[in-house]
Amino acid sequence: MKQFRARLRWPHTTSIWSKITGMVSRGKSRDRIEPSFDDEREDEDLRLDADDRVIGSRGARSGSKKAATPAKRGKSSGQRNRKAKSSRGGFGLGRLIYWGFVLSIWCGIGLVGLVAYYGSQMPSASSWSIPERPPNMKIVSVEGTVIANRGATGGEALPLEEMSPFIPQAVMAIEDRRFYSHFGVDPLGLARAIITNVTSGRAVQGGSTLTQQLAKNLFLSPERTVERKVQEVLLAFWLEQKYTKDQIMAMYLNRVFFGSNAYGVEAAARRYFNKSARDVNLGEAALLAGLLKAPSRLSPARDPEAAEARAQVVLQAMLEEGYITADEIKTAMSQPPTKAKRYWSGAGQYVADLVRDEVTMLIGTVTEDILVETTIDMTLEKKAEAALTESLANEGAKVNASQAALVSIDGTGAIRALVGGRDYAESQFNRAVKAKRQPGSAFKPFVYAAAVENGLRPTSVRNDAPIRIGSWTPENYDQKYRGPVTATQALAESLNTIAAQLVMEVGPDQVIKVAHRMGIESELQNNASIALGTSEVSLLELTAAYAPFMNGGYKATPHIVRRISKADGTLLYENNYLEPPKVLNDGVVAAMNSMMRSVIDRGTGKNASLSGWEAAGKTGTTQSFRDALFVGYTSNLTTGIWFGNDDGQSMKKVTGGGLPAKAWHDFMTAAHQGLAAAPLPGGDFFEPPPAEDPMTIGTIISDVFQGGGEERYSGEPVYPDQYPAEPPLPDDYVTSGGPVPPAEVGGAQETRRTTLLDLILGQ
């Protein structure tokens, strides 16, 4: 065992000893060599020469060889060092290339794995489909002029070939110059964007193609994550494989956001330029393309100067790409900055809201783009808006009137013009349709129509004197009384006492029946004060209920939609108001027109008089001058106008014969320019000679002594061929108290006996 261990240790011991003895012998046989700092050795490493190495167990042999001279040793050492340096340098470059190649392979593998992982999280490509674009409702006038669009996008989708050619060119020049050559992802564009962003130190350029942007808008959320970017690329590949470049461009331009709630070029063109994308010029196309970088910030509605500056950049890019010439760019750049019109401005927006509501009722939920043809005449619409705007601007502040509304319809009930308020941009509430207010004396024509059906004639005489109905004592506007007056005079001067008497003669329920038959749809209070228009109605229904007077007695159901069709022309709805019901006898129409013409000719509505046209109508003023109305008509149009305040504040003594009648005159004068005048129905109305009046003072006194028995209210309408004739009242009929109707009026009508005590006590 000891010998085995000795053999294991001996070579080691011998080697060490040989090295020590060799070093000693060399040291004795040589002179001492001082350190050298020659250039050749400046960079040498400290190392052993071959003679210094111990070979095997015979290290003493190295000492027997002749040592090299210092110079020779230094030379050979320097050469070896230079060779080593050269060898190390070449080896480092090769390793760099090698490891770069290896790294790129691993990066590619990692990228493929990443794409595969996130791709596996997506549904199968066979189930992918383009989401339906939110439906748009394009609303046009009778002339085909676009009034407005309603829907989430704000405009219809246009085929690429219908758009101005400047639009796709401008978008490609600034967003994706190689759109028609790449496969959904543009490596060159991406590399350029990376270099630009790195050199600038911030993100100034994007590398996404139009196809990628479309994929993001169609399918993905706006969050910036690796997963979303990978999915965007995969979807871009799918879009490029499934659709043509033109189809992708059209989908992009019809869906991309342009700011100010405008999605798609058609909505943006109408929003900013009030024109179709079909008609956009070069400068406007450049402005639209420039918005894509930052739609909200660059919107010309917010910052016209910034939008114009960005448009100049787009024009320069188009020039570089060869889409336009230098002369064209000079012309476009010389144009002043585009000023966006006010958001959703114009009275036509009230029309669009009404149309949207009516379409939903007619065909239900809209699921695709539709075209709605309306009854609106844009010429009349603009004149109506101008008439109200001018009236409020000139006199509104002086008389404390801040709002106005107008409705104009033809004999069929078709709405030709509608203004729901002073400024849609400030208030979208439609005062012509949704607001219900007391009509005041503008309700009296229904009272008189019911009385005419019950036997009243235009020449019938009633006594204008103080009257009391229960605890109610209606008074005239001027608090004066005129004694015996004809029905025509009473209506022309809007005498409240006569209207109250007529309500008591026919009964409030009969007045309500006539009003509903003619077009009033709101609930009406069954009481005597209905004579003065105390039940609330909308301006639209009130105006429509006047139309039977102008069209010969036919009901005019108000409507604004003529036809609804799909984008491909498929008809979805068409109205049919060709056979309206007859609601007034011809004789009643003639009598009413005769009386209501006097309102304009010599009554409270003189400010509404039209030159060359027969016109009739009625003024209306509510308590404390809160509301003022005028509703009138010719054989062509029936128009109602309201002035007032939304909060119910009183105006400064504005009556229906004042500001409303003047505005009515202005609008109707403009609306009838160039039209041949036509008379109202019943213009040849002939009043037969009067006969005995059953309501003379003699019959009243006879009734007193006989205990009454006369039924004051007729149950059914009485038409002209059944009219009882009325003689003039005797002079002694004028009394201080005047006629005294029943004290309680409200529910079902009943027979009322007049006694002598009633006359004595004035009850």
Check your understanding: In terms of heavy-atom contacts, does CD of Glu523 have more than 12 from other residues, nucleotides or ligands at under 6.0 Å?
Key -> no

Exercise for review: Could you tell me whether Glu521 atom CD has more than 12 heavy atoms of other residues or ligands within 6.0 Å of it?
Suggested key: no

Review point. Heavy atoms, side chains only, cut-off 4.5 Å: are Leu584 and Met592 in contact?
Key: no

Exercise for review: Taking atom types as modelled, find out whether Ser141 and Glu381 have a side-chain donor-acceptor pair closer than 3.5 angstrom.
Suggested key: no

Point to revise | Identified side chain to side chain contact (heavy atoms under 4.5 Å, CB included) counterpart of Phe443 within the set Thr534, Leu524, Val631, Leu629 | key: Leu524

Exercise for review: Measure the shortest side-chain to side-chain distance between Asn593 and Pro681 over non-hydrogen atoms and say whether it is less than 4.5 angstrom.
Suggested key: yes

Check your understanding: Do Glu453 and Arg517 meet the salt-bridge criterion of a basic N to acidic O distance under 4.0 Å?
Key -> yes

Exercise for review: Check the pair Leu659 / Ser391 against side chain to side chain contact (heavy atoms under 4.5 Å, CB included), numbers first and verdict last.
Suggested key: CA-CA 7 Å; Leu659 199 56; Ser391 296; 4.3 Å; yes

Check your understanding: For Phe625, does the CZ atom sit with more than 12 other heavy atoms under 6.0 Å from it, leaving out its own atoms?
Key -> yes

Exercise for review: Using distance alone, with no hydrogens and no angle criterion, decide if Ser529 and Asn527 have a side-chain donor and acceptor under 3.5 Å apart.
Suggested key: yes

Revision key, fill the gap. Checking Lys606, Arg602, Arg482 against Glu493 for salt bridge (Lys or Arg N to Asp or Glu O under 4.0 Å), the one that qualifies is Arg482

Practice item. For the pair Arg597 and Glu614, evaluate side chain to side chain contact (heavy atoms under 4.5 Å, CB included) and give the outcome as yes or no after the intermediate values. Key: CA-CA 7 Å; Arg597 282 200 306 269; Glu614 281 190 2; 4.1 Å; yes

Exercise for review: Could you tell me whether a side-chain N or O of Glu541 sits under 3.5 Å from a main-chain N or O of Ser538, the two making a donor and an acceptor?
Suggested key: yes

Review point. CG/Asp647 to CZ/Arg626 distance, rounded to the nearest 0.5 angstrom?
Key: 10.5 Å

Review point. Partners of Phe429 by side chain to side chain contact (heavy atoms under 4.5 Å, CB included), sequence neighbours excluded?
Key: Ser427, Arg431, Lys434, Ala435

**Study point:** Main-chain N/O of Pro660 paired with His665 side-chain donor or acceptor, under 3.5 Å
**Key:** no

Check your understanding: Would a distance-only check, ignoring hydrogens and angles, find a side-chain to backbone donor-acceptor pair under 3.5 Å from Glu143 to Asp377?
Key -> no

Point to revise | Heavy-atom neighbours of Lys653 NZ exceed 12 at 6.0 Å | key: no

Exercise for review: Starting from the C-alpha separation in whole Å, work towards a yes-or-no answer on side chain to side chain contact (heavy atoms under 4.5 Å, CB included) for Tyr554 and Val589.
Suggested key: CA-CA 10 Å; Tyr554 294 93; Val589 171; over 6 Å; no

Practice item. Mind checking the OH-CD spacing from Tyr481 to Gln479? Nearest 0.5 Å is all I need. Key: 7.5 Å

Check your understanding: Within the distance-only criterion (no hydrogens, no angle test), does the side chain of Asp353 pair as donor or acceptor with the backbone N or O of Val355 below 3.5 angstrom?
Key -> no

Revision key, fill the gap. Between the CG atom in Asp601 and the OG1 atom in Thr488, the distance rounded to the nearest 0.5 Å is 11.0 Å

Check your understanding: What pairs with Glu390 under salt bridge (charged side-chain N to carboxylate O under 4.0 Å, His left out), at least two apart in sequence or on another chain?
Key -> none

**Study point:** Rounded distance [0.5 Å steps], CG in Asn496 versus CG in Asp478
**Key:** 9.5 Å

Review point. Any idea which heavy atoms bring Leu392 and Ala404 closest together, and the distance?
Key: CD1-CB, 4.0 Å

**Study point:** Test item: Pro474 and Ile467 side chains (from C-beta on) under 4.5 Å apart, heavy atoms
**Key:** yes

Exercise for review: For Ser594 and Ala590, indicate whether the former's side chain and the latter's backbone hold a donor-acceptor pair under 3.5 Å.
Suggested key: no

**Study point:** Residues Asp464 and Asn476: side-chain donor-acceptor under 3.5 angstrom
**Key:** yes

Point to revise | Heavy-atom side-chain contact between Tyr573 and Val561 under 4.5 Å | key: yes

Review point. Is there side-chain contact between Gln525 and Ile530, with heavy atoms separated by less than 4.5 Å?
Key: no

Review point. Can you check whether Asn400's main-chain N or O pairs, donor with acceptor, with Asn645's side chain at less than 3.5 Å?
Key: yes

Point to revise | Residue Glu574 excluded, over 12 heavy atoms near CD under 6.0 Å | key: yes

Point to revise | Residue pairs involving residues 401-413 (criterion salt bridge (charged side-chain N to carboxylate O under 4.0 Å, His left out); sequence neighbours excluded) | key: Asp410-Arg416

Practice item. Please confirm whether the backbone N or O of Ala465 pairs with a side-chain atom of Asn463, one donor and one acceptor, at under 3.5 Å? Key: no

Revision key, fill the gap. When rounded to the nearest 0.5 Å, the distance separating CZ of Arg562 from OG1 of Thr375 is 8.0 Å

Exercise for review: Apply side chain to side chain contact (heavy atoms under 4.5 Å, CB included) to Trp613 and Leu675, showing your working.
Suggested key: CA-CA 10 Å; Trp613 281 83; Leu675 300 179; 3.8 Å; yes

Check your understanding: Would you find a donor on one side and an acceptor on the other, under 3.5 Å apart, between the side chain of Thr604 and the backbone of Thr619?
Key -> no

Exercise for review: Say whether Ser494 and Ser441, considering side chains only, have a donor N or O and an acceptor N or O under 3.5 Å apart.
Suggested key: yes

Practice item. Spell out, as yes or no, whether a donor-acceptor pair under 3.5 Å connects the side chain of Gln438 to the backbone of Thr622. Key: no

Exercise for review: Report the distance from atom CE of Met651 to atom OG1 of Thr621, rounding to the nearest 0.5 Å.
Suggested key: 8.0 Å

Review point. Are any non-hydrogen side-chain atoms of Leu418 and Asn430 less than 4.5 angstrom apart?
Key: yes

**Study point:** Sidechain-backbone polar pair: Trp664 side chain, Thr639 backbone, donor-acceptor under 3.5 Å
**Key:** yes

Point to revise | Arg437 and Glu536, any side-chain heavy atoms less than 4.5 Å apart | key: no

Point to revise | Ile641 vs Leu388 side-chain heavy atoms within contact, under 4.5 Å | key: yes

